[in-house]
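Per chain, numbering begins at 1; letters A, B, ... match sequence-line order. On a predicted model such as this, the values are computed, not experimentally measured, just so you know.
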Amino acid sequence: MTSRIDTQALKERQRQLARQVIDQDDLRLPPQLVAGVDAAFPDGGRTTRAAAVLMRFPGLELMDEVVHEQPTELPYIPGFLSFRELPAILGALERLSVPPELVFCDGQGRAHPRRFGIACHLGVTTGLATIGVGKSRLCGRHEEPGPEKGDAVALSDDDEVIGRVLRSRSRVRPLYISVGHRVSLETAVELVLACTPTYRLPEPVRRADRLAGHR
DNA sequence: GCGACAG
DNA sequence: ATCTTGTCGC
C-alpha cells in the first residue's frame, strides 16, 4: 500500500519556503547565546522527545536545558525529516529561559535535495540563525577531507556548493555542515569548530543528544 | 527498473 | 532513529 502522506505537497512547501532562506551572515558576530537541538523517539517512535540546550559563546558555559515531549505525528521519510521532528523541537526551544541567537541542528540545512533541510525549516519558521550539522550525507558528492581537525572539502550537487564536509576533530568521521538560515557557510564552519573543543559534535548538539536520551 | 536515502 | 553484548583499538 502506498504511503498516506502527500509527499508531493510537502515537496512544494519545501520549495516555496526554501526561497526565504538567507544564506549570508545576518546575526551578531560573535554570538553570545547559542543553542543545540535534537530529538529522540521513545516508545517505539510513538513519542517525540526534543531537547534544547542553551550555552554561552565562546566559553560554552551551560545556561539552560529543556526537554519537551509530544506525540509523534509523522514517520521518518528521507527528505522530509523536519516535518517529523520540528513540532517537538519548537516546543523545546520556546521553553528556554532566553531565546538563542544561533541554533545548531542535528541534520542538514541547505545540503538537501530541495535545499530545505531541518536547519532551514527551523530558521525560516522561527527567524533564528541556524546551522545544519549532519552526521552523514543526504545528498551531494565530495572528496575525502584530510585527517586533521579543520580539514574540509566542498559538498557539491551538480555545479552548486551546498555545504562542507568538515573534520571537526582529528581522525573522526567528518561532519556535513550547511547553511540553515541567516549564516554564511564560511561562518557556519568557523562557529562549528569554535564549539567543538573535545568531541566529534559541537558541544550544544552533543549535549542536546544526551538530554534527548541518546548514547 | 535500480540504487540512494539526514534522523 | 531504534533494537542490543561484547569487543577492537587508542
Engineer: Please determine whether the number of non-hydrogen atoms from other residues, nucleotides or ligands lying under 6.0 Å from atom CD of E143(A) exceeds 12.
Structural biologist: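 Atom CD in E143(A) is not crowded, with 12 or fewer foreign heavy atoms closer than 6.0 Å.
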Engineer: Please map the stems of DNA chain C, keeping only stretches of three or more Watson-Crick or G-U wobble pairs with both distances under 3.5 angstrom.
Structural biologist: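 Runs of three or more consecutive pairs: none qualify.
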Engineer: Do F104(A) and L201(A) sit in one hydrophobic cluster, given that two such residues count as connected whenever their side-chain heavy atoms are within less than 4.5 Å of each other, even indirectly?
Structural biologist: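 Yes, it is one cluster - the side chains of F104(A) and L201(A) are joined through contacts under 4.5 Å.
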Engineer: Is the closest basic N to carboxylate O distance between E148(A) and R171(A) below 4.0 Å?
Structural biologist: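 Judged by the 4.0 Å cut-off on N to carboxylate O distance, E148(A) and R171(A) do form a salt bridge.
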Engineer: Using residues 55-67 of chain A as the side-chain source, report each donor-acceptor pair under 3.5 Å to any protein atom, sequence neighbours left out, with the distance given to one decimal.
Structural biologist:
| from | atom 1 | to | atom 2 | distance (Å) |
| --- | --- | --- | --- | --- |
| D64(A) | OD2 | S97(A) | N | 2.8 |
| D64(A) | OD2 | S97(A) | OG | 3.2 |
| E65(A) | OE2 | R207(A) | NH2 | 3.4 |

Engineer: Using a heavy-atom cut-off of 4.0 Å across all strands, would you classify G79(A) as base, sugar-phosphate, or nothing?
Structural biologist: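 The residue G79(A) makes base contact.
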Engineer: Quick one: label F41(A) by what it contacts on the DNA or RNA (base, sugar-phosphate, nothing), any heavy atom closer than 4.0 Å.
Structural biologist: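 F41(A): backbone/sugar contact only, no base atoms under 4.0 Å.
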Engineer: Shoot me the first and last contacting nucleotide of DNA chain B against chain A, ordered 5' to 3', at under 4.0 angstrom to non-hydrogen atoms.
Structural biologist: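 That gives a stretch of dA4(B) to dG7(B).
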Engineer: Please state how far atom CD in E85(A) lies from atom P in dA1(C), giving the value in whole angstrom units.
Structural biologist: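 Spelled out: CD on E85(A) to P on dA1(C) is 9 Å.
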Engineer: Using a 4.0 Å heavy-atom cut-off across all strands, classify G117(A) as base, sugar-phosphate, or nothing.
Structural biologist: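 Since a base atom lies under 4.0 Å of G117(A), the category is base.
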Engineer: Could you check how far CZ of R46(A) sits from C1' of dT2(C), rounded to whole Å?
Structural biologist: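 Those two atoms, CZ and C1', are 12 Å apart.
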Engineer: Counting the atoms with a prime plus P, OP1 and OP2 as sugar-phosphate, which does A111(A) contact under 4.0 Å by heavy atoms, base, sugar-phosphate, or nothing?
Structural biologist: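 A111(A): no heavy atom of the nucleic acid under 4.0 Å.
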Engineer: Salt bridge or not between D106(A) and K135(A)? Use side-chain N to carboxylate O under 4.0 Å.
Structural biologist: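 Answer for the salt bridge query: yes.
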Engineer: Between D151(A) and R167(A), is there a salt bridge with N-O shorter than 4.0 Å?
Structural biologist: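 Result for this pair is no, no salt bridge flagged.
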Engineer: If two hydrophobic side chains count as joined below 4.5 Å and joins carry through other members, does F41(A) share a cluster with I118(A)?
Structural biologist: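 F41(A) does not cluster with I118(A).
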Engineer: What does H112(A) touch in the nucleic acid at a heavy-atom separation under 4.0 angstrom: a base, only the sugar-phosphate, or nothing?
Structural biologist: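 Touches a base.
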Engineer: For DNA chain B, which consecutive runs of 3 or more Watson-Crick or G-U pairs (each distance under 3.5 Å) count as stems?
Structural biologist: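 DNA chain B forms no stems at all.
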Engineer: Whether R206(A) engages the ring of Y199(A) as a cation-pi pair (distance to the six-membered ring centre under 6.0 angstrom, angle to the ring normal within 45°) should be assessed.
Structural biologist: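 Here R206(A) passes the 6.0 Å and 45° test against Y199(A).
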Engineer: Is there a path of hydrophobic side-chain contacts, each under 4.5 Å between heavy atoms of I, L, V, M, F, W or Y residues, that connects F83(A) with F116(A)?
Structural biologist: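 No, F83(A) and F116(A) fall in different hydrophobic clusters.
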Engineer: Have a look at F116(A) and say if it touches a base, only the backbone sugar-phosphate, or nothing, with a 4.0 Å heavy-atom cut-off.
Structural biologist: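 Nothing, no nucleic acid heavy atom in range.
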Engineer: From CZ of R49(A) over to C1' of dT2(C), roughly how many Å is that when rounded to an integer?
Structural biologist: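 Value for this atom pair: 13 Å.
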Engineer: The criterion is salt bridge (charged side-chain N to carboxylate O under 4.0 Å, His left out); which residues satisfy it with R169(A), sequence neighbours excluded?
Structural biologist: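 Per chain and number, R169(A) pairs via salt bridge (charged side-chain N to carboxylate O under 4.0 Å, His left out) with no residue.
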Engineer: If I take atom CG in residue L81(A) and atom P in nucleotide dT2(C), what distance separates them, rounded to the nearest angstrom?
Structural biologist: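 Answer to the nearest Å: 12 Å.
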Engineer: With sequence neighbours left out, write down each residue that passes salt bridge (charged side-chain N to carboxylate O under 4.0 Å, His left out) with R28(A), or none if nothing qualifies.
Structural biologist: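 By the salt bridge (charged side-chain N to carboxylate O under 4.0 Å, His left out) rule, R28(A) matches E101(A).
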